[in-house]
Amino acid sequence: MARVNVFDTTLRDGEQSAGVNLNRLEKIEIAKQLERLGVDIMEAGFPASSQEDFQSVKEIAETVRNCSVTGLARSFKSDIDAAWEALKGGAYPRLHVFLATSPIHMTHKLKKTPEEVVQIAVESVAYAKERFPVVQWSAEDATRSDYDFLVHIIEKVIDAGADVINLPDTVGYTTPDEYAKLFKHVKENVPNIEGVILSAHCHDDLGMAVSNSLSAIEAGAGQIEGTINGIGERAGNAALEEVSVALEIRKDRYQHETGLVLKEIKRTSDLVSKLTGMQVPGNKAVVGRNAFAHESGIHQDGVLKEATTYEIITPNMVGIESNNLVLGKHSGRHAFKQKAQSFGFELSDAKLKEAFDTFKNLTGKKKEVTDDDLFAILTDKQTEHEDVPKYELKAFQVQYGSINRPTATILLTRPDGKEIEKASTGEGSVEAIYNTLDELLEEEVHLQDYQLNSIGKGRDALAEVYVQLTVNDRTTSGRGSAQDVLEASAQAFLNAVNRTLYMSQPSDLKKEVQL
Ligand code: KIV
Ligand code: ZN
């Protein structure tokens, strides 16, 4: 079995998904879980893109010790310098620098000749190599680049010091056979390729990102890049959980393995989905709600007689526990703390106490408190900023009837500690709440998106609401969970507004940088 490295870019390419806006604490929580999952390399962000991103990358590099933390840089000295400052405290620092090589990108985006592109690429790799022990160079839009030009530029950047060469399918254009051909061509024609790792980075615009990644492995890629749940720019990236489980289940064919701890897949998927607000479709391979549900009588009968009749992956392999009913109203603080630790949470005493109080409160209202509920409570608490002034919901009331216009009355504490109260109406109850909050807040707020989900099953399931807002022209997102849909809606709105209070930059440069 040959070993293939896993390069996770959930926090960089994944975070570029439309509507995703993770804060520093959320990124750190995901990074810690990726470390538990056993990724070899994690791309923590794009340090030059914003002060916010720089700080998160730096903190992740200093926190994560068991895998290499990398950051993205354009071929500018200033980007490479910013990346070095953010990553130098890491256990195994490495840089990911890129430049486009396709005629379309060179002509229209870069407005450079191929010779100029070679020169810039070589200079950036040489400059990076003076700082970083490991440098990865990516030929952006490799799959629409000229083969001879690719061979030429790759030879030059390897001479300049590149250790890993990535051939991204930036626009999700290639097919499995074509992508394999590209890897073979580079392997056979670049004279100094020996000892250099080739990497595959696939986007899913035509739904082939996972197949293309597997095909690249067969053709000699020693590293695969992707994201958890396949999130990412446009249609997303290759889903790492799918690639790794495919390698495991079909090792007879691929003869390659990753170092991932497959049992951590479900938890990682849940965490990423919860913090990004990007729901995993029910029928999604490996981690979808229905991925292990057998509906037809014939299938159920087969599975009861012998599971392998219709089940090629066991839920257990990816960390799905069938018995997840755990704590109840008689559970004490100690059992709660142990449960939190088994999830991998390391909460401060103050946060643990608050999470325990929320749990206790819930046991009074809900028949069964499941792992999903606890995971939601603990994640919310863990990713909450401590000691930062914010808006807090003190009390609210909604009057709704099929004849009258819904009215919401809300009492809030402002960041300066002052209490404020107002009432307003709307066409529906949620709109009445949001109109009232609009009147109470000083910020100029516009709602862009609203999503409502239930955590787990049953009538008494917790409601989870995600919102995307613009607050003073800045895009942000927030989430709230509560047993009541209206309370979760109000909490999500305030959570999104509060997040803008701790952002240090007036605007998020990352969204302005065209990759
Ligand atoms: O898709 C892509 O080309 C990228 C590069 C920055 C590697 O994400
Ligand atoms: Zn990408």
Side-chain angles (χ1 to χ4, degrees), residues 8-37 39 42-46 49-50 52-53 56-57 60 203-204 209 225-242 264-282 284 286-289 343-345 372 375-376 378-385 448-455 463-470 474-481 488 491-493 495-496 498-500 502-503 508 510-511:
D8 177 278
T9 181
T10 305
L11 294 171
R12 199 277 299 169
D13 224 335
E15 222 253 338
Q16 282 174 223
S17 309
V20 172
N21 222 307
L22 296 168
N23 69 25
R24 193 175 52 82
L25 291 182
E26 290 163 340
K27 286 183 188 172
I28 288 164
E29 221 33 54
I30 291 177
K32 288 200 283 192
Q33 181 58 29
L34 290 172
E35 188 181 22
R36 279 192 283 273
L37 178 65
V39 304
M42 73 173 79
E43 188 164 43
F46 181 3
S49 67
S50 71
E52 201 76 21
D53 231 31
S56 317
V57 175
I60 290 170
H203 281 268
D204 207 30
E225 304 190 8
T227 59
I228 300 301
N229 299 337
I231 65 170
E233 191 77 53
R234 308 181 308 281
N237 291 58
L240 286 178
E241 67 281 3
E242 293 182 22
E264 290 291 336
I265 284 182
K266 183 67 168 78
R267 177 145 311 148
T268 317
S269 163
D270 285 349
L271 184 70
V272 169
S273 164
K274 179 168 176 54
L275 294 183
T276 58
M278 294 196 73
Q279 289 300 303
V280 173
K284 158 96 172 56
V286 180
V287 288
R289 202 176 48 249
F343 283 151
F345 289 105
D372 288 342
F375 188 70
L378 289 161
T379 312
D380 285 347
K381 202 38 80 189
Q382 178 75 324
T383 54
E384 191 179 281
H385 286 82
Q448 306 293 338
D449 195 17
Y450 174 94
Q451 287 176 45
L452 169 65
N453 305 298
S454 84
I455 299 175
E464 185 156 56
V465 171
Y466 292 90
V467 292
Q468 204 186 323
L469 310 178
T470 53
R474 182 176 188 151
T475 305
T476 179
S477 55
R479 57 175 202 284
S481 50
Q491 295 289 15
F493 193 97
N495 178 254
N498 283 335
R499 289 157 79 102
T500 63
Y502 354 102
M503 290 179 182
D508 191 353
K510 184 173 46 174
K511 306 295 175 201

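Starting from 1, each residue takes its place in the sequence as its number. What you see is a predicted model, and the numbers here were worked out from it, not measured in a lab.
- By the 30° and 60° cut-offs, the orientation of the rings of F345 relative to F375 is tilted.
- When side chains are defined from C-beta on, I455 counts as touching S481, because their heavy atoms get closer than 4.5 Å.
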### Message
Does E242 form a side-chain contact (heavy atoms from CB on, under 4.5 Å) with K284? I'd like the steps, not just the answer.
### Response
CA-CA 9 Å; E242 293 182 22; K284 158 96 172 56; 2.6 Å; yes
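- Going from atom CG of L275 over to atom CD of E15 covers 11.0 Å, rounded to the nearest 0.5 Å.
- The backbone N or O of L25 sits less than 3.5 Å from a side-chain atom of N23, completing a donor-acceptor pair.
- Using a cut-off of 4.0 Å between Lys/Arg side-chain N and Asp/Glu carboxylate O, E26 and R499 are scored as salt-bridged.
- In terms of modelled atom types and a separation under 3.5 Å, the side chain of Q451 and the main chain of V467 share no donor-acceptor contact.
- The backbone N or O of G344 sits less than 3.5 Å from a side-chain atom of R36, completing a donor-acceptor pair.
- Taking the side chain as every heavy atom from C-beta outward, D380 and R479 approach each other to under 4.5 Å.
- Put simply, the side chain of E43 does not reach to within 4.5 Å of the side chain of L11, judged on heavy atoms.
- Rounding to the nearest 0.5 angstrom, the gap separating the CG atom in L469 from the CG atom in N21 is 10.5 Å.
- One N or O on the side chain of Y466 and one on the backbone of K274 form a donor-acceptor pair closer than 3.5 Å.
- Between L271 and I30, the shortest heavy-atom contact is CD2-CA, 3.9 Å.
- Judged by distance alone, with hydrogens and angles left aside, the side-chain atoms of S17 form a donor-acceptor pair with the main-chain N or O of G232 at under 3.5 Å.
- Salt bridge annotation for K32-E35: absent, with no cationic side-chain nitrogen under 4.0 angstrom from a carboxylate oxygen.
- For the atom pair CG of N495 and OG1 of T500, the computed distance is 10.5 Å after rounding to the nearest 0.5 Å.
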### Query
Is there a side-chain contact (heavy atoms from CB on, under 4.5 Å) between S269 and V280 once you walk through the steps?
CA-CA 8 Å; S269 163; V280 173; 4.0 Å; yes
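- Here the rule is side chain to side chain donor-acceptor pair (under 3.5 Å) with Q33, and of T268, T10, D270 only T268 fits it.
- Looking at every heavy atom in both residues, V57 comes nearest to F46 through CG2-N, 4.2 Å.
- Residues S273 and M278 are not in side-chain contact: their nearest non-hydrogen atoms beyond the backbone lie 4.5 Å or more apart.
- Side-chain contact check for I228 versus L34: some heavy-atom pair is nearer than 4.5 Å.
- Across all non-hydrogen atoms, the minimal contact from A463 to A488 is O-CB, 3.7 Å.
- R234 and D204 are not joined by a salt bridge, as no carboxylate oxygen comes within less than 4.0 angstrom of a charged side-chain nitrogen.
- Here the OG1 atom belonging to T476 is positioned 8.5 Å from the CD atom belonging to Q468, to the nearest 0.5 angstrom.
- At least one donor-acceptor pair closer than 3.5 Å links the side chain of T9 to the backbone N or O of D13.
- Contact of the N237 side chain with the I231 side chain is not registered, since no non-hydrogen atoms from C-beta on lie closer than 4.5 Å.
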### Message
Apply side-chain contact (heavy atoms from CB on, under 4.5 Å) to residues E241 and N229 and explain how you reach the verdict.
### Response
CA-CA 7 Å; E241 67 281 3; N229 299 337; 3.9 Å; yes
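- In this structure, the side chains of I60 and K27 come closer than 4.5 Å at one or more pairs of heavy atoms.
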### Task
Go through the steps to decide whether E464 and L452 satisfy the test side-chain contact (heavy atoms from CB on, under 4.5 Å), and finish with yes or no.
CA-CA 6 Å; E464 185 156 56; L452 169 65; over 6 Å; no
### Task
Starting from the C-alpha separation in whole Å, work towards a yes-or-no answer on salt bridge (Lys or Arg N to Asp or Glu O under 4.0 Å) for R12 and D53.
CA-CA 9 Å; R12 199 277 299 169; D53 231 31; over 6 Å; no
